[in-house]
Amino acid sequence: MPEMLEIEVYRRAAERVVGRRITQVHAPDGWYLKEGLTAPVLEKVVEGRTVTALRRRGKLLLVDTDEDGPTIGLRFGMTGRLLVDGRAGIEHLEYSSLRDNPEWDRVVFAFEGGGELRIRDPRRLGGVLLDPAEERLGPDALSVTPAQLRDLLATSRAPVKARLMDQSVVAGIGNLLVDEALWRAGIDPARESRTLTANELRRLHKHLRATLVELGERGGSHTGDLQDERRRDGVCPRDGTPLLRRTVGGRTTYSCPKHQV
DNA sequence: CTCGACTCCTGTTAGC
DNA sequence: TGCTAACAGGAGTCGA
């Protein structure tokens, strides 16, 4: 699934459209347009605009257009892929379909002189937003400092996993990345956030960062050391203990009952 | 305000 | 073999 690492791949792939003028918007799936946005409105405000920058905050991809133009927010849900000029930045996503069906195109931005940005999303959990409220997102997970992380977890009674996946707290972390980071840090996902000691917070910050960097280099959220064992009957890759499978923060969670405490 | 439960979506897969 | 039901999770909403 696309978490922040995959969105960053999309962002880099999409940078080639900077400087291009949008001539046509095709939004056949009204459900994919969020916060009251409609296809006619999207067309009206976007057509004729030139793309000036591609930014990312957490899992949100931001397409800036000329000074007085809007910013287009692209969300990819769990199965959304970005195609740039007909090419996919990522060919296959975990949990998505192996097939590649043009019927799954939810929105297309076509450019002057050819080429386009296209979201292809089988399960329709992504969406398009106009001028999204970026400030509602927490700091990007790659930029969060140890002190910020400490403060964000300090008073919360929610499980640390739920807190880390809350995009308004820290932006960019999804289910696979959080399970991997907590497994590496040796912290139980169900631990009440505010009970983490200073030492555990340091460890969490270190491993969260290392997980993002390392998995980014390996090629995505699904390349973690824990990934192959995220299944029923999986065992801890570190100590061979049968993994615990349960729901934490509303999501299927795998953890090692021996070394994650 | 905080947090958990519920809901949305649909292709894939496990199981009868 | 063919069908059904469970499953996957990002994000919004609602109620305690």
Side chain of A:Arg123 - closest among C:dA8, B:dC3, C:dG10:
C:dA8
Would you please indicate yes or no on a ring centroid separation below 6.0 angstrom for A:Trp183 and A:His259?
yes
Taking the side chain of A:Gln167 as heavy atoms from C-beta outward, which of C:dA11, C:dG10, B:dC3 is closest to it?
C:dA11
Checking B:dC9, C:dC7, B:dC3 against the side chain of A:Trp31 (C-beta onward), the nearest is B:dC9
For A:Asp166 and B:dC3, give me the distance from atom CG to atom C1', rounded to whole Å.
10 Å
Residues A:Asp225 and A:Arg218 bridged, charged N to O under 4.0 Å:
yes
Say you draw a straight line from CG of A:Asn199 to CZ of A:Arg202; how long is it, rounded to the nearest 0.5 Å?
5.0 Å
Classify A:Arg245 by what it touches in the nucleic acid, base, sugar-phosphate, or nothing, heavy-atom distance under 4.0 Å.
sugar-phosphate
Just call it for A:Arg232: base, sugar-phosphate, or nothing, with non-hydrogen atoms closer than 4.0 Å on any strand.
sugar-phosphate
In whole Å, I'd like the distance from the CE atom of A:Met78 to the C1' atom of B:dC8.
13 Å
Let me know the distance between OH of A:Tyr32 and C1' of B:dT10, rounded to the nearest Å.
13 Å
Atom-pair distance (NZ on A:Lys34; P on B:dC9), nearest Å:
9 Å
For B:dC3 and A:Ser156 - does any side-chain N or O of the residue sit under 4.0 Å from the phosphate oxygens OP1/OP2?
yes
Salt bridge check, A:Asp105 against A:Arg120: does any charged N sit closer than 4.0 Å to a carboxylate O?
yes
Around atom NZ of A:Lys34, are there more than 12 heavy atoms of other residues, nucleotides or ligands at under 6.0 Å?
yes
Could you tell me the separation between the CZ atom of A:Arg231 and the P atom of C:dA8, rounded to a whole number of Å?
14 Å
At what angle, to 10 degrees, do the two end axes of the helix from B:dT2-C:dA16 to B:dC16-C:dG2 meet, given five pairs define each axis?
50°
Identify all pairs in which a protein N or O lies below 3.5 Å from an N or O of nucleotides 12-14 of chain C, and state each distance.
unit_1 : atom_1 : unit_2  : atom_2 : d
C:dG12 : OP1    : A:Arg75 : NH1    : 3.1

Can you tell me if A:Arg55 has over 12 outside heavy atoms packed within less than 6.0 Å of its CZ?
yes
Students often get this wrong, so: under 4.0 angstrom with heavy atoms, is A:Arg106 touching a base, only sugar-phosphate, or nothing?
nothing
Protein-nucleotide distance (A:Tyr254, atom OH; C:dC7, atom P), rounded to Å:
11 Å
Between P on C:dC7 and CZ on A:Arg230, what's the gap in Å once rounded to a whole number?
15 Å
Looking only at side-chain N and O atoms, does A:Glu47 offer a donor or acceptor that is under 3.5 Å from a partner on A:Thr23?
no
To the side chain of A:Trp104, which of C:dA8, C:dA11, B:dG11 is closest?
B:dG11
Could A:Arg11 and A:Glu8 be called an ion pair, given the rule that one side-chain N must be under 4.0 Å from one carboxylate O?
yes
Are A:Arg20 and A:Phe111 in a cation-pi setup, meaning NZ or CZ lies under 6.0 angstrom from the ring centre and within 45 degrees of the ring axis?
yes
Looking at A:Arg75 and A:Asp121, does any basic side-chain N land under 4.0 Å from a carboxylate oxygen?
no
Nearest-angstrom distance from the residue atom CZ of A:Arg194 to C1' of B:dC3:
13 Å
Phosphate-side-chain proximity, A:Arg124 and B:dT10, N/O vs OP1/OP2 below 4.0 Å
yes
For a quick check of understanding: with a heavy-atom distance under 4.0 Å over all strands, which category does A:Arg251 fall into, base, sugar-phosphate or nothing?
base
